[in-house]
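The structure appears below as structure tokens.
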Amino acid sequence: MGSRLAVVSGGGTGIGAAIAGSLARDGYDVLVAGRRADVLAAAAERIGVDCGRPDAVTPVTADLTDPEQLDRVLAAVDGRAVDAVVNNAGGYLGGETDTLAGTAAHWRANLDANVLTAVLLTEALRPALRRPGGRVILVSSISAQRGGGGPYSAGKAALHGWAYDLAAQLGPEQITVNVVSPGYVAETEFFGDRMTPEGHATRVAATLVRRAGLPDDIAEAVRYLASPAAGYVTGQVLGVNGGSVLGR
Ligand SMILES: NC(=O)c1ccc[n+]([C@@H]2O[C@H](COP(=O)([O-])OP(=O)(O)OC[C@H]3O[C@@H](n4cnc5c(N)ncnc54)[C@H](OP(=O)(O)O)[C@@H]3O)[C@@H](O)[C@H]2O)c1
């Protein structure tokens, strides 16, 4: 058993799996939470082999929009102190319609997936956060800063405002709260079949470094913010976007 514990939502795929792998290599035990048991189990096994600790990653199958399913995460934490909560689960949910009822459903789905997942996981684990030294990290999106995703952008932007309140509440206990805001990141499930070669090229061209981001680019930022070295950084939004939106 490692001496530190991290919980990573959406840790079975894409950016979350890269974050889980990075933290596991640093010696953390990592709980990865998501809805698909098979995907989580495969990621846990792969990361365990990679980091040389087969039991480093524990899968927890839970829909984090459902308050009752948070008990599964708490059961897996099993009374340990939590060093880092990485709220990475989320995604863009389509479903635009012409009706108000459809609009309500579309917005609720996106707010549930991107806001409620983070709020419920963080609130469930708040009492268990290591004091002093705990870390809360929220993964938002460049679309929170420049739009482009309707209710998805709005949901990610909501994380920023909430992070500032949470940072103020937890700061006196030496717990930091920060947002990592990724730009375009390839090699995840995020775009599904929505991505085209033209869409990829447009997004790459919008960066200053002329490349797509990779999950490890985001994992490295999270790794820093989770580390003891980042203890004086709180209430911040760190853009990891290749320069496609400049600092704000
Ligand atoms: N890729 C990009 O260009 C990009 C850019 C900006 C921001 N982001 C953000 O980065 C984060 C990671 O995305 P990604 O690119 O790595 O895409 P991804 O591969 O689709 O990862 C999203 C993860 O969230 C999990 N998840 C979604 N809803 C959940 C729920 N209700 N309960 C529990 N887990 C849930 C998914 O697992 P299950 O389906 O098994 O539940 C999946 O593992 C997301 O918040 C996304 O919005 C991505």
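Side chains included, hydrogens not; waters and symmetry mates left out as well; all remaining heavy atoms used. Order of listing sets the numbers, starting from 1, for every ligand and every atom in it.
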Separation of I218 CD1 from I15 CD1 (nearest 0.5 Å): 5.0 Å
Please report which non-hydrogen protein atom sits nearest to atom 46 (C) of ligand 1, along with the residue it belongs to and the distance in Å to one decimal place. Y152 OH, 3.6 Å
Does only the side chain of A17 get under 4.0 Å from ligand 1, or the backbone, or both, or neither? Count heavy atoms. neither
Between T117 and ligand 1, is there a nitrogen or oxygen pair with a distance under 3.5 Å? no
protein heavy-atom neighbour closest to atom 12 (C) of ligand 1 works out as N88 OD1, 3.1 Å
Contact between ligand 1 and G91 is defined here as a heavy atom of the residue under 4.0 Å from a ligand atom; is it met? yes
Check whether any N or O atom of I142, backbone or side chain, sits under 3.5 Å from an N or O atom of ligand 1, and answer yes or no. no
Considering non-hydrogen atoms only, spot the tightest contact between V237 and Y164 and give its length. CG2-OH, 3.5 Å
So does R80 pair up with D29, basic N to acidic O under 4.0 Å? yes
Sub-4.0 Å heavy-atom contact, V39 with ligand 1: no
I175 to T234 - nearest heavy-atom pair and separation: O-OG1, 4.4 Å
With a 6.0 Å cut-off (strictly less than), is the heavy-atom count around CD of E45, excluding the residue itself, greater than 12? no
A186 heavy atom under 4.0 Å from ligand 1: no
Close side-chain approach of L31 and V7, heavy atoms under 4.5 Å: yes
Is it the case that the side chain of D66 and the backbone of E68 share a donor-acceptor pair, with hydrogens and angles ignored and the cut-off at 3.5 Å? yes
K156 neighbourhood, listing ligand 1 atoms whose heavy-atom distance to it stays under 4.0 Å: 44 (C), 45 (O), 47 (O)
Of all the non-hydrogen atoms in the protein, which one sits nearest to atom 15 (O) of ligand 1, and at what distance? T188 OG1, 2.7 Å
Nearest non-hydrogen protein atom, atom 37 (O) of ligand 1: R36 NH2, 3.7 Å
Can you confirm whether S141 sits close enough to Y152 that some side-chain heavy atom of one is under 4.5 Å from a side-chain heavy atom of the other? yes
Is it true that a side-chain atom of R4 and a backbone atom of G27 form a donor plus acceptor pair closer than 3.5 Å? no
Using a strict cut-off of 4.0 Å, indicate which atoms of ligand 1 neighbour a heavy atom of D63. 30 (C), 31 (N), 32 (N)
V185 N/O under 3.5 Å from ligand 1 N/O: yes
Which heavy atom of A56 sits nearest a heavy atom of C51, and at what distance? CB-SG, 3.7 Å
With a sphere of 6.0 Å drawn around CG of L208, does it hold more than 12 non-hydrogen atoms of other residues, nucleotides or ligands? yes
Here the atoms of ligand 1 under 4.0 Å from any heavy atom belonging to Y184 are 3 (O)
Considering both backbone and side-chain atoms of I15, is one of its nitrogen or oxygen atoms within less than 3.5 Å of a nitrogen or oxygen in ligand 1? yes
Among protein heavy atoms, which sits nearest to atom 39 (O) of ligand 1, and what does the distance come to when rounded to 0.1 Å? R35 NH2, 3.0 Å
How close does the nearest protein non-hydrogen atom get to atom 42 (C) of ligand 1, and which residue and atom is it? T13 OG1, 3.2 Å
Tell me, please: is S181 in heavy-atom contact with ligand 1, that is, under 4.0 Å? no
Does anything in residues 192-212 pair up under salt bridge (charged side-chain N to carboxylate O under 4.0 Å, His left out), and if so which pairs, sequence neighbours excluded? R211-D217
Which ligand 1 atoms, with their elements, are less than 4.0 angstrom from a heavy-atom of T65? 31 (N)
Could you check whether any heavy atom of G192 sits closer than 4.0 Å to an atom of ligand 1, since that is the contact criterion I want to use? no
for atom 26 (N) of ligand 1, nearest protein heavy atom and its distance come out as A89 CB, 3.7 Å
Sole candidate of S140, S181, S153 that passes side-chain hydrogen bond (donor to acceptor under 3.5 Å, both in side chains) when paired with Q145: S181
Heavy-atom gap F191 to ligand 1 smaller than 4.0 Å: yes
Which class fits the ring pair H106 and Y92: parallel under 30°, tilted 30 to 60°, perpendicular over 60°? perpendicular
Which residue holds the protein heavy atom closest to atom 33 (C) of ligand 1, what is that atom called, and what is the gap in Å? A62 O, 3.4 Å
